[in-house]
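What follows is one structure encoded as structure tokens, with my remarks underneath.
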Amino acid sequence: MNNQMRLLFLSFSIFLLPLSVLAFQQDSISTDNTLPSEEKIDEQNQSNYLPNSLKDYNVAYYQLTRLNNPLGLPPNKFNLQTPQATLEHFVISCRNKNFKEAAYALNFNLFPDNITEEEAINVSQKLYFVMDQRVAINWDGLSDRPDGQVDIRTTTNQAVAGKPRRSVVFGEAQIETRDIIFRLQRVKYQDYGAFWLISANTVENTEELYQVYGPTFLDRYMPTWSQAKIGTVPLWKPVLTFLLLIVSYILGKVVILLIRRIAQSFDRPIIMALSKKLGVPAALATGVLFFYISLNELISYSGAYSSTIYAILLAIVIASGTWFFMRILDFAMRYVAEHKIGDVTSENSHESRQLFTYLSVARRILTFTVVIIGTSIILSQFRSMEKLGVSMLASAGLATIIVGIAAQSTLGNIIAGVQIALTKPARIGDTVLIEGRWGYVEDIRFTYMIVRTWDLRRLIVPLKTVISDTFENLSITSPHSLNEIELYVDYRVDVDKLRAKFKELLEASEDWDEEHPPIIQVTEMTEKSLKVRAICSASTAVIAWDLHCRLREQMVAYIKELEEGIYFTRSRVELKESHFNSKNIKKSDK
């Protein structure tokens with residue numbers, strides 16, 4: 001258990017640190033005392049809002065009646081003619097600590113009329129901090145054309161004509177369950193030419209976003225000596241991250257010890273066994289959850305990789321929780337199977353075999369459901385995956401092709417497993433004859449059934465085969481079995497003597513269940529022999545097989561001793577004249 005725990009946390013640390021390094025390299029936020037204040041810059045009940053600034057609708061731009069009262073129109077020296085140019089102006093100005101120039105790229109029309117220039121500068125600083133922390137900007141997807149279109153060329157290298165765009169999305173973030181979309185909008189004020197600004201709705205959400213993704217306590221109050229940088233990241237961030245990893249590992253070990261101590265206090269074998277199953281997944285979930293929360297609260301990473309790191313950590317937490325729940329489910333099912341269900345190997349345990357089959361199928365269905373739910377939650381943490389899934393499901397044709405071709409066999413076998421559990425053509429422990437092979441149903445999995453043959457081999461049978469093809473179930477209603485012994489004897493044999501001997505042998509056998517009387521019948525006559533069939537019965541198919549093999553051996557021995565074996569099959573040839581007499585020989589010599 002200790003080795004497994006060390007291995008899990010070592011793998012987790014090795015996996016996380018390279019991603020952290022990538023995030024460090026993207027960190028461009030200063031953590032000195034110049035960070036913007038967390039206080040709100042406006043109060044709605046103390047400010048007067050102007051009427052809606054949007055004028056008439058235009059497909060190519062938004063017509064405004066007012067624009068940025070505290071700052072006014074952006075100077076001509078700023079290039080705000082394309083979405084890419086506007087965003088570059090904002091980012092570069094903020095990196096150079098020139099937040100006033102950056103503020104000209106923002107639309108403050110949804111802010112109160114009495115907002116000051118200093119407050120506008122503060123908003124630009126906060127918005128840049130949030131964007132640097134949580135927004136992965138796809139610069140290649142931003143148009144560098146005034147009309148906002150993205151150039152699309154055909155195989156003939158001709159541009160595809162399209163409509164002008166007046167709104168472009170460049171990022172997104174989440175506050176609780178609400179998605180915040182970052183947009184650039186093309187606006188026109190009075191008779192001035194149209195240009196691009198970060199939308200008023202995006203700017204309005206800055207304060208709320210900053211409250212969630214703003215600088216942490218350590219960002220503000222770490223001592224000056226700790227601000228020494230490795231590349232662009234302060235030294236204290238990687239050091240504290242490594243310390244948090246160690247603390248998370250120790251916390252996981254503590255969880256394992258606590259689970260064991262609690263289990264020992266009950267002094268019950270079932271709880272001890274459960275603690276061994278749950279120790280590692282519980283420790284992993286606790287350690288990663290602690291690391292995720294502490295990293296999110298104490299250290300603010302920035303750059304395009306930061307959101308991916310947090311999403312991966314949360315995905316690991318969800319996966320650990322799923323693993324934990326699956327261990328509980330598996331343990332509960334196994335405990336019921338071992339302690340509450342009787343011996344399924346006995347041929348007479350019909351109800352036990354039926355319950356065990358139900359339990360086996362239910363266990364796998366529940367496990368499959370838990371895995372699907374856990375995977376769905378994990379994929380939902382990655383917005384790219386979420387969008388991919390939505391777009392794929394939105395296409396009915398593509399979804400039909402995927403289900404119809406790729407998953408046809410798998411889904412068919414899974415559905416067949418449910419049918420087997422309901423209709424019970426075969427149960428775990430049944431004796432079956434399938435594809436010419438005799439054996440026991442050892443297990444029923446998601447998509448196939450395992451049959452243990454008499455020579456201890458395993459026959460893997462797809463569940464669709466069990467549902468659609470014919471096979472023999474020797475114990476579906478009763479384990480009682482009849483077997484036949486076939487003997488080939490001469491025409492002159494006294495069948496009554498064979499019948500009496502067979503009755504004597506069968507009545508002397510302890511394996512005979514006395515359900516069927518000893519029977520010998522002449523079932524066929526050929527040009528060479530009589531075919532005699534003897535029928536014996538036993539309580540199970542296995543015992544019946546052993547009994548009929550033993551009786552056949554004894555009957556053959558009896559026929560061999562009966563009048564020196566003259567009643568075995570013979571071939572008769574009638575010769576009317578000898579081919580080798582002396583007269584024929586002399587004639588041939590002449």
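Residue indices begin at 1 and follow the sequence shown.
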Exercise. Angle class for the Phe78/His89 ring planes (parallel below 30°, perpendicular above 60°, tilted otherwise)?
Worked result: tilted
Problem set entry | Side-chain touch Glu101/Lys77, heavy atoms, less than 4.5 angstrom | yes
For this session: Locate the shortest heavy-atom distance separating Phe291 from Ser248; write the atom from each residue and the value.
Result: CB-OG, 3.3 Å
Exercise. Quick one: does Asn98's side chain have a donor or acceptor within less than 3.5 Å of a partner on Cys94's backbone?
Worked result: no
Exercise. Can you find a heavy atom in the side chain of Val203 that is under 4.5 Å from one in the side chain of Ser199?
Worked result: no
Exercise. Considering only heavy atoms from C-beta outward, does the side chain of Phe290 approach that of Val255 to under 4.5 Å?
Worked result: no
Problem set entry | Closest contact, heavy atoms only, Phe108 versus Leu71 | CE1-CD1, 4.1 Å
Exercise. Is a side-chain donor-acceptor pair under 3.5 Å present for Asp147 with Gln149?
Worked result: yes
Exercise. Quick one: are Glu118 and Asn122 in side-chain contact, heavy atoms under 4.5 Å?
Worked result: no
Exercise. With a cut-off of 6.0 Å (strictly less than), are more than 12 heavy atoms of other residues, nucleotides or ligands near CD of Gln190?
Worked result: yes
For this session: Calculate, to the nearest 0.5 Å, the distance between atoms OG and CH2 belonging to Ser143 and Trp196 respectively.
Result: 7.0 Å
For this session: I would like to know whether Lys126 and Glu208 meet salt bridge (Lys or Arg N to Asp or Glu O under 4.0 Å); could you show each step before the answer?
Result: CA-CA 10 Å; Lys126 289 181 177 180; Glu208 191 175 1; over 6 Å; no
Exercise. So, for Ala194 and Gln81, which heavy atoms are closest and what is the spacing to 0.1 Å?
Worked result: O-OE1, 3.7 Å
Problem set entry | Parallel, tilted or perpendicular, as decided by the 30° and 60° cut-offs, for the rings of Phe99 and Tyr128 | tilted
Exercise. Once you round to the nearest 0.5 Å, how far does CD1 of Ile180 lie from CD of Glu172?
Worked result: 10.5 Å
Exercise. Does CG in Asn76 sit with more than 12 non-hydrogen atoms of other residues, nucleotides or ligands closer than 6.0 Å?
Worked result: no
Exercise. Would a 4.5 Å heavy-atom cut-off, applied to side chains only, mark Thr86 and Phe195 as touching?
Worked result: no
Problem set entry | Leu289 side chain near Ile316 side chain, heavy-atom distance below 4.5 Å | no
For this session: Applying ring-ring contact (aromatic ring centres under 6.0 Å, His included), name anything that partners Phe182, two or more places apart in sequence or on another chain.
Result: Phe170
Problem set entry | Minimum-distance pair of heavy atoms, taken over all atoms of Arg166 and Tyr62 | O-CE1, 3.4 Å
Exercise. Does some side-chain heavy atom of Leu184 sit less than 4.5 Å from a side-chain heavy atom of Leu197?
Worked result: no
For this session: Taking the side chain as every heavy atom from C-beta outward, state whether Asn109 and Val187 have any pair of such atoms under 4.5 Å apart.
Result: no
For this session: Assess whether side-chain contact (heavy atoms from CB on, under 4.5 Å) is satisfied between Leu284 and Val288, documenting all intermediate values.
Result: CA-CA 6 Å; Leu284 181 62; Val288 178; 3.8 Å; yes
Exercise. Has the side chain of Ser265 got a donor or acceptor atom that lies under 3.5 Å from a matching backbone atom of Ile262?
Worked result: yes
